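Comments concern the structure below.
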There are 2 protein chains.
Amino acid sequence: MDIEPGQKAARRGRNAITIHDVAKHCGVSPMTVSRVINGETNVREETRQKVLASVAALNYSPSTSARTLASRDDTQIAVLYTNPSTSYLNEILIGALTQTGLSGCRLTIAKCEGLDEAVETVEDLAAAGIDGVLLPAPISNSNRVALALDRVNLPSVGIAAAQQPPGRTTIAVDDHAAAFAMTTRLIELGHTRIGFIKGHPNNRASDFRTEGFYAAMNAAGLDVDVDLVVQGYFDYHSGFEAAAVLLGRPDRPTAIFASNDDMAAGVLANAHSFGVHVPAELSVVGFDDTTTATTVWPELTTVRQPTVHMASEAVDLLLLQIRAKRAGAIFEPRRELRDFEIIERQTSAPAPKT
Amino acid sequence: MDIEPGQKAARRGRNAITIHDVAKHCGVSPMTVSRVINGETNVREETRQKVLASVAALNYSPSTSARTLASRDDTQIAVLYTNPSTSYLNEILIGALTQTGLSGCRLTIAKCEGLDEAVETVEDLAAAGIDGVLLPAPISNSNRVALALDRVNLPSVGIAAAQQPPGRTTIAVDDHAAAFAMTTRLIELGHTRIGFIKGHPNNRASDFRTEGFYAAMNAAGLDVDVDLVVQGYFDYHSGFEAAAVLLGRPDRPTAIFASNDDMAAGVLANAHSFGVHVPAELSVVGFDDTTTATTVWPELTTVRQPTVHMASEAVDLLLLQIRAKRAGAIFEPRRELRDFEIIERQTSAPAPKT
DNA sequence: CTGTTAGCGCATTCAA
DNA sequence: TTGAATGCGCTAACAG
């Protein structure tokens, strides 16, 4: 177990150490090493340990290229994205990159401007021999894209999708449950007059979040004042204006739950104008935990989606589909739901005493 | 040039079409096809065209695995990042992923919490056989990380780095020139009393931007009122407070140039409280064009760095270094400067008439 | 300018 | 439970 002086330089590229070196090192055939590496069961435990020791001693790591070449399993998946500044794209990329690295498949990215272009891009991807695509929201919600995918017979997994196009697999957070939990938290803090800003009406997530809010209020035996539920559009400006409505009322709410962070940030900005102190006089909470949440001040209490994790799971789900397709098997479309997390930062506090 | 009915299914994985198929299709040897594919010059133009035609007809694309295996050039680079919510990380990932896809090298990612961990991670990466690393700011500015990189003899390229650790290659935007240009633009709009919010003092970029501001004012023959230059810390809150100082003055500025978008957003929020209208009464401009710039309302006029492009160039620079290192050649560290772009959105307007 | 031979590092298929 | 042969798709090195 001594550190050999010469071992460090032996890596990929030139004189990398191969499966043969390992085999020689522990006196077995390369085939046996291969079996151990790939976790096959038909190897004597004793042999396995010997091989493992050599692998560690030589700091061996198998060549991905040789592996995919020999196993004839060269799968390549793509992330289809629209706007590079979408705040969760980096998390998706991180999750996907991590998992593809582990699974030994290659990851490409493809950009498209709108839904029209997305349809085209899907066709290009298929023509280029891509085996499957990862679809971040909002593309994952599009039925047109789903249809294009069907047409070229390409597996996909939608990430953070609010809806699930027929026949397509998606992974997301339970918006209803999350909104329920956040509202309940506000109620626990003593708030009873809670304002709610709905999301964009063309997005199903908006409905689920709104319903979660109502459900939590009902569950707590609280009436919801319909004047305190106002329409928003998921952008800062609409949050700003909604706040004007809500805070302009004689009996203003002691808490405002905005359906996303951008709107919550808008509320925050307007609260300043109204001279109401957050969180002492008003709690403000958002949804999504985007960069906005920690950019503004005070930092937002919000709901976090496990985006990185969902993305890596999405890769696995995609691989499952691809293999099923290759094997001629059928893969039942799934809708996977993952747990959210409530991140309490500086904009939520107990309701002010009246 | 007819579309053969059977050609579509022939892709990677199982029955992919190979260089042999192409060779057969146009009656040459596989080697000649290889030469054409790799753009070698010693092929007769006539032959090249024939091959190209077959490639197109068969929709052939070479197998990356086979290529890297045969050429014995398996290089693998990593992006070392700290905070997944850093707004430009996705752009870096996009640029890097695009370029590594083109160059046929693999991309990994590695996360680290702080600088201490970064040093460790660098060592792990080296031990894992990574050939080089991409360093987004702010890690790219760290001398400690640079030292660790030296220790394990690992090439690197810093992206959007304000400073260049000795011996390290970086690619960035000319902060001075950009701040100069933005200030000049404000002056063109008729502003003469311009407030400036400096960035965090521990970041060299702050100095360059500040100097660019001064230089532009001087160049225009304008005096800068030192009371109008206030210290900020690159966060929303410091921008908010700086705005309070600036807007609380009897002779407040008609424009405020914040050294980054987050601070500009803070200024915007406080302008509301002061009841000053943006951009009619006050122009506010930022720097970086992060997601914040388009989240707030009105949307920010700002300076955009070509991050995606810089990232793909960074990959090339890294590859150059890696090859130089393998060849035993020396690679002179470089500092590449790229052009910025001024994005005029809704927060800048001609100076109000007095 | 073009073709032939050899082998990259590994996994599959068979045999022992 | 293990090993020997064979070839994945491509390119380097040499021949012609």
Side-chain angles (χ1 to χ4, degrees), chain A residues 10-52 54-55 58-76 104-106 129 326, chain B residues 10-52 54-55 58-76 104-106 129 323 326-327:
Chain A
R11 293 300 318 150
R12 294 259 138 287
R14 287 285 129 210
N15 42 10
I17 71 162
T18 77
I19 200 168
H20 285 99
D21 301 317
V22 178
K24 221 167 298 166
H25 185 98
C26 58
V28 297
S29 79
M31 200 50 242
T32 303
V33 178
S34 174
R35 279 194 256 266
V36 172
I37 297 293
N38 294 317
E40 286 177 34
T41 49
N42 50 348
V43 179
R44 210 186 345 150
E45 186 53 30
E46 196 185 315
T47 316
R48 146 173 275 101
Q49 293 307 334
K50 222 170 35 177
V51 171
L52 254 20
S54 296
V55 166
L58 297 170
N59 186 217
Y60 165 73
S61 83
S63 150
T64 326
S65 318
R67 243 224 273 250
T68 65
L69 187 59
S71 65
R72 243 153 308 183
D73 174 23
D74 187 354
T75 97
Q76 186 166 23
C105 72
R106 264 165 316 120
R326 287 216 257 259
Chain B
R11 294 300 319 148
R12 295 256 138 291
R14 286 285 129 210
N15 42 11
I17 73 162
T18 78
I19 201 169
H20 290 277
D21 301 317
V22 178
K24 220 168 301 167
H25 185 98
C26 58
V28 297
S29 78
M31 199 51 237
T32 303
V33 178
S34 174
R35 280 194 257 262
V36 172
I37 296 292
N38 294 317
E40 285 177 35
T41 49
N42 49 350
V43 179
R44 204 177 0 138
E45 186 52 29
E46 195 186 316
T47 316
R48 144 175 276 101
Q49 292 306 335
K50 220 169 37 176
V51 171
L52 254 22
S54 295
V55 166
L58 266 38
N59 186 216
Y60 165 74
S61 84
S63 150
T64 326
S65 318
R67 242 221 276 246
T68 65
L69 187 57
S71 63
R72 247 151 303 191
D73 175 23
D74 186 354
T75 94
Q76 186 166 23
C105 71
R106 263 165 318 119
R323 294 199 221 295
R326 287 216 257 258

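Since the structure is predicted, the reported quantities are computational estimates derived from the model, not experimental observations. Naming convention: chains lettered A, B, ... in sequence-line order (proteins, then strands); numbering from 1 in each chain.
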Whichever of B:Glu40 and B:Leu69 has its nearest DNA chain D nucleotide further upstream toward 5':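 Closer to the 5' end of DNA chain D: B:Leu69.
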Under 4.0 Å between a side-chain N or O of [X] and OP1 or OP2 of [N]?
| X | N | answer |
| --- | --- | --- |
| A:Ser34 | C:dA11 | yes |
| B:Arg67 | D:dT11 | yes |
| B:Ser63 | D:dC10 | no |

Side chains of A:Val55 and A:Ile37: closer than 4.5 Å at any heavy-atom pair?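 They are in side-chain contact.
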Close side-chain approach of B:Val51 to B:Arg48, heavy-atom, < 4.5 Å: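 B:Val51 vs B:Arg48: side chains apart.
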Can you tell me the distance, in whole Å, between the [atom1] atom of [X] and the [atom2] atom of [N]?
| X | N | atom1 | atom2 | value |
| --- | --- | --- | --- | --- |
| A:Asp74 | C:dG9 | CG | P | 19 Å |
| B:Asp73 | D:dA13 | CG | P | 13 Å |
| B:Lys24 | D:dC10 | NZ | P | 12 Å |
| A:Leu58 | C:dG9 | CG | P | 15 Å |
| A:Ile37 | D:dT2 | CD1 | P | 15 Å |
| B:Ile17 | D:dG9 | CD1 | C1' | 12 Å |

Who are the side chain to side chain donor-acceptor pair (under 3.5 Å) partners of A:Glu40, not counting sequence neighbours?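 For A:Glu40, no residue satisfies side chain to side chain donor-acceptor pair (under 3.5 Å) once neighbours in sequence are set aside.
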Which is it for B:Arg67 and B:Asp73 under the salt bridge (Lys or Arg N to Asp or Glu O under 4.0 Å) test, yes or no, and what are the steps along the way? CA-CA 8 Å; B:Arg67 242 221 276 246; B:Asp73 175 23; over 6 Å; no
Should the heavy atoms of other residues, nucleotides or ligands under 6.0 Å from NZ of A:Lys50 be counted, would the total exceed 12?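 It does: A:Lys50 NZ has more than 12 such atoms within range.
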Crowding at CD, B:Glu45 (>12 non-hydrogen neighbours, <6.0 Å):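 Yes, the 6.0 Å shell around CD holds more than 12 heavy atoms from other groups.
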Scan nucleotides 1-5 of chain C against the protein and return all N/O pairs shorter than 3.5 Å with their distances rounded to 0.1 Å.
residue : atom : partner : partner atom : Å
C:dT2   : OP1  : B:Arg44 : NE           : 3.4
C:dT2   : OP1  : B:Arg44 : NH2          : 3.0
C:dT2   : OP1  : B:Thr47 : OG1          : 2.5
C:dT2   : OP2  : B:Arg44 : N            : 2.8
C:dT2   : OP2  : B:Thr47 : OG1          : 3.4
C:dG3   : OP2  : B:Ser29 : N            : 3.0
C:dG3   : OP2  : B:Ser29 : OG           : 3.2
C:dG3   : OP2  : B:Thr32 : OG1          : 2.6
C:dG3   : N7   : B:Arg35 : NH2          : 2.6
C:dG3   : O6   : B:Arg35 : NH1          : 3.4
C:dG3   : O6   : B:Arg35 : NH2          : 3.2

Selection from C:dC10, C:dC8, D:dC10 that lies nearest to any side-chain heavy atom of B:Arg72: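 Looking only at side-chain atoms, B:Arg72 lies closest to C:dC8.
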